[in-house]
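Bear in mind that the values here come from a model prediction, so they are computed numbers and not experimental data.
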Amino acid sequence: MRTETHKRNNRRIASVTLVAAALVAGVTATAPAGAATAQPTAESAGVAAQASWPVVKSGQRGVDVATVQLLLTARGFKVSADGVFGSGTAAKVKAFQKSRKLAADGVVGAKTWAKLIVTVRQGSKGTAVQALQRQLNDNGYKVSVDGVFGSGTASNVKAFQKAKGLSADGIVGPNTWSRLVSGGGGGGGNPGGGKLSDAQAMARLKAAGITRKSSGNCIDRYRKNCTSLQGIRVGTVNGVIALKKKSGCKIVITGGTEVGHASGTYSHWNGYKVDVPRTSCVTNYIHKHSKKHHKRKDGAWVWRVTSGGKTVIDYADENWANHWDITYY
């Protein structure tokens with residue numbers, strides 16, 4: 001028995017020695033069977049879970065571009081936050097990259113993002129906070145874009161962090177910034193709930209033969225006379241494409257995620273709705289393939305499509321504006 005005990009002790013010593021040697025050498029070691037394993041810390045889990053940074057470059061438009069512009073200004077490289085990546089923004093990006101000893105190619109990739117972001121928290125003020133607030137809005141967490149990190153912004157940051165599996169401390173550092181700019185709000189388990197950039201949405205719609213039009217000939221979601229698809233949900237885009245294919249009608253989107261529409265969970269702003277012209281082709285299709293359900297407070301009759309006892313689509317006949325207000329749930 002003494003001999004067998006000595007053998008077991010020797011094996012334990014040998015295992016510990018090998019693990020220690022591997023750690024010193026920087027090699028990942030496998031613990032002996034039955035040994036306790038260290039659990040990942042909140043910080044290491046956050047790093048492992050963070051999404052990759054998007055590439056933002058000349059010719060692009062949207063909230064990520066405006067975020068770059070606002071962060072450039074916060075870093076001392078002032079540029080107008082118009083959401084359009086033109087020659088002026090490219091020049092500022094190159095100047096910033098040069099100041100940080102990065103390759104001055106004017107393309108905002110992972111290395112540039114890492115240097116450009118500014119850690120902000122409750123009490124912070126300025127354009128970096130404005131960038132944060134615009135990203136929160138784009139992810140479905142509505143806050144005022146006033147450049148002041150108050151309690152409202154803090155509570156929305158914590159809610160976003162919790163939803164993304166990050167430490168909900170309200171501090172916007174690299175992990176939180178990465179998640180904010182990497183693709184918008186989550187779908188809550190709904191495969192159609194993910195959100196798209198304006199460019200991504202239009203690429204899908206154009207491929208299906210669908211166009212858009214705005215009274216202001218613009219796509220800035222912060223101007224109500226524009227037609228923006230920034231932050232529109234995948235399910236909404238798929239729904240419009242399905243409408244085009246099934247009806248055979250010409251479909252033009254005249255209202256998207258821009259400001260100026262009614263608020264609410266299933267709203268334009270949150271990416272659930274689009275407006276399309278009230279043509280005879282579209283109207284006839286809706287009347288044939290949905291049921292007249294109820295009248296809204298504003299007087300619009302709602303035609304509803306259900307499946308399995310659940311509402312799938314609501315078509316609201318806003319005849320005074322000559323369009324259908326369509327909600328995809």
task: Determine, stepwise, if the pair Arg296 / Asp314 fulfils salt bridge (charged side-chain N to carboxylate O under 4.0 Å, His left out).
output: CA-CA 11 Å; Arg296 296 191 321 198; Asp314 273 342; over 6 Å; no
task: Please lay out, stage by stage, how Asp220 and Gln230 fare under the test side-chain hydrogen bond (donor to acceptor under 3.5 Å, both in side chains).
output: CA-CA 8 Å; Asp220 184 353; Gln230 183 69 37; over 6 Å; no
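Here the closest heavy-atom approach between residue Lys250 and residue Val282 is recorded as O-CG2, 4.3 Å. The shortest non-hydrogen separation linking Ala66 to Ala81 is O-CB, 4.4 Å. Of all heavy-atom pairs between Thr227 and Ile253, the closest is CG2-O, 3.9 Å. The minimum heavy-atom distance between Thr73 and Lys78, with the atom names listed, is OG1-CA, 3.6 Å. Taking both residues in full, the closest heavy atoms of Ile313 and Ile326 are given as CG2-CG2, 3.8 Å, listed atom of the first, atom of the second, then distance. The minimum heavy-atom distance linking Asp198 with Leu229 is given by the pair OD1-N, 2.9 Å.
One N or O on the side chain of Asp82 and one on the backbone of Val84 form a donor-acceptor pair closer than 3.5 Å. Judged purely by atom type and a 3.5 angstrom limit, Thr127 uses its side chain to pair as donor or acceptor with the backbone of Leu70. With hydrogens and angles ignored, the 3.5 Å screen pairs no side-chain donor or acceptor of Gln135 with any backbone N or O of Arg179. Put simply, the side chain of Thr283 never gets that close to the backbone of Ser280: no donor and acceptor are under 3.5 Å apart. Although no hydrogens or angles enter the test, the distance criterion places no donor-acceptor pair under 3.5 Å between the side chain of His268 and the main chain of Thr257.
A continuous path of hydrophobic side-chain contacts links Tyr285 to Ile251 [ILVMFWY only; heavy atoms under 4.5 Å]. Leu116 and Val107 fall into different hydrophobic clusters, where Ile, Leu, Val, Met, Phe, Trp and Tyr residues are linked whenever their side-chain heavy atoms come under 4.5 Å apart, directly or through other members. Under the 4.5 Å side-chain heavy-atom criterion for grouping Ile, Leu, Val, Met, Phe, Trp and Tyr, Val305 is connected to Val276 within one hydrophobic cluster. Phe77 is connected to Phe85 through a chain of hydrophobic side-chain contacts under 4.5 Å among Ile, Leu, Val, Met, Phe, Trp and Tyr, so both are in one cluster.
Tested against Trp269 for a side-chain contact (heavy atoms from CB on, under 4.5 Å), the candidates His261, Arg221, Glu258 yield a single pass: Arg221. Applying the side-chain hydrogen bond (donor to acceptor under 3.5 Å, both in side chains) test between Thr153 and each of Gln122, Arg121, Gln133 identifies Gln133 as the sole match.
Ring orientation note: the planes of Tyr315 and Trp324 are nearly perpendicular, at an angle over 60° on the 30°/60° scale. Using a 30° and 60° split on the angle between ring planes, Trp53 and Trp113 fall in the parallel class, below 30°.
A ring-centre distance under 6.0 Å is not found for Phe160 and Trp177.
Rounded to the nearest 0.5 Å, atoms OG1 (Thr254) and CG (Asp275) are 5.0 Å apart. Within the model, atoms CD of Gln161 and CG of Asn156 stand 11.0 Å from one another, a figure rounded to the nearest 0.5 Å. The structure places CG of Asn238 at 8.5 Å from CG of Leu196, a figure rounded to the nearest 0.5 Å.
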